[in-house]
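Throughout, protein chains are lettered first and strands after them, A, B, ... in sequence-line order, and every chain is numbered starting at 1.
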Amino acid sequence: MRRWLVSSPMPELPEVEATRRHLEPAVVGRAIAAVEVRRPRMVRYQPDPGSMSHRMVGRRIEAMGRHGKFLMAELEGDLTWVSHLGMSGRFELGVEGADEAPHTNVVVRLDDGIEVRLVDPRTFGFVAVFTPDELAESTLSRLGPDALDSLPPVTSLRTALTGRSAPIKALLLDQRLIAGIGNIYADEMLWRAEISPLRPGGSLLADEVAALRRAVRPVLTAGLRSGGTSLGDLAYLLPDGRAGEHMSRLEAYGRNGEVCRRCGTTMVRNVIRQRSSHWCPGCQK
DNA sequence: ACCTCCCTGGCC
DNA sequence: GGCCAGGGAGGT
């Protein structure tokens, strides 16, 4: 199981997007035949948790979307099946009756016998099915623009950061500002933009905001290339123990005590808002 | 705007 | 045996 932690990153935006691409062809157009909730805790923010299965069974899945780190399947009848992978969740596709991974907590069986399985040891992830009203009151409606698909222009970002005294690292993680940036990739973006995670958001100069903005897409797409690859064949990757590539490509996250690949300074780690930050005091100002 | 909690497996 | 990882909700 150590292989999972080493070779495959947390389910941040690139991994969630890879999941969406993996699931989409299997689920869109199919009807839901059965839902099995083995860990009730995984069903959350649902007016009546027991009703989730009832809301799902018999409905066709019309589309598969993503906003930030949330996955959304549009169900016929104006319902939205929302899921979040938390920090240890993943979706697996399997044939009914075939081997399943430990911690398979929710199983959604489609009308062709394919199962969509939510595997999540730490159960920080969740699923729910919302009506339009419930969706409008949920966290999803308060998410900022998606970091990958609709990153705001520099001027909007500057406005959003004006007067903010919180460290830029904390603001990057605030899903209401930009949706989809998690702890690993926030550190990568700040390294790339050569900005210290401790800098108050409002202190960033115009060209620094621009540099940070320019760092967002490359970092996420790099993660999508390698993380997506690992995710796609994860079922084979785990038993074989083949190492994924993504961790070795990170420039900041987990590199405290190691030498910065840009300037040679020893990198450091400190805790910002209860989250670990990894950065280079030599070139990140 | 901040802190605490949730949860499990890996690791010391 | 105890600590650590962390996204997001809830409380103050």
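As rounded to whole Å, 13 Å separates atom P of B:dC2 from atom CG of A:L173. Taking atom CZ of residue A:F124 and atom C1' of nucleotide B:dC7, one finds them 5 Å apart after rounding to whole Å. Going from atom CG of A:L172 over to atom C1' of C:dG8 covers 17 Å, rounded to whole Å. A:R273 has its CZ atom 8 Å from the P atom of B:dA1, to the nearest Å. Remark: C1' of B:dC7 and CE of A:M42 are 11 Å apart, rounded to the nearest angstrom. Put simply, CG on A:L85 is 12 Å from P on C:dG7, counting in whole angstrom units. To the nearest angstrom, C1' of C:dG8 lies 11 Å from CZ of A:R41. A straight line from CG of A:L118 to C1' of B:dT8 spans 15 Å, rounded to a whole angstrom.
No donor-acceptor contact under 3.5 angstrom links the side chains of A:H67 and A:D146, judged on distance only.
Side-chain atoms of A:L118 and A:M42, non-hydrogen and from C-beta on, do get closer than 4.5 Å to each other.
For the pair A:T139 and C:dA9, the criterion of a side-chain N or O lying under 4.0 Å from OP1 or OP2 is met. Remark: A:R164 is in phosphate contact with B:dA1, judged by side-chain N or O atoms under 4.0 Å from OP1 or OP2. At B:dG9, none of the side-chain N or O atoms of A:R122 fall inside 4.0 Å of OP1 or OP2 (strictly under the cut-off). An OP1 or OP2 oxygen of B:dT8 is reached within less than 4.0 angstrom by a side-chain nitrogen or oxygen of A:R39. Proximity of A:H103 to the phosphate of B:dG9: a side-chain N or O atom is located under 4.0 Å from OP1 or OP2.
Counting non-hydrogen atoms of other residues, nucleotides and ligands closer than 6.0 Å to CZ of A:R158 gives a total of 12 or fewer.
The only member of A:E12, A:K169, A:R275 that meets side chain to side chain donor-acceptor pair (under 3.5 Å) when paired with A:N183 is A:K169.
Taking only distance into account, the side chain of A:R44 never meets the base of C:dA9 through a donor-acceptor pair shorter than 3.5 Å.
For A:R59 (side chain) and A:R55 (main-chain N/O), a donor-acceptor pair under 3.5 Å exists by modelled atom type.
If A:Q274 and A:G163 are placed on DNA chain B by their nearest nucleotide, the residue sitting closer to the 5' end is A:G163. Heavy-atom nearest nucleotides on DNA chain B were determined for A:A166 and for A:R275, and the one closer to the 5' end corresponds to A:A166.
A:Y45 comes within 4.0 angstrom of the backbone, heavy atoms only, and of no base.
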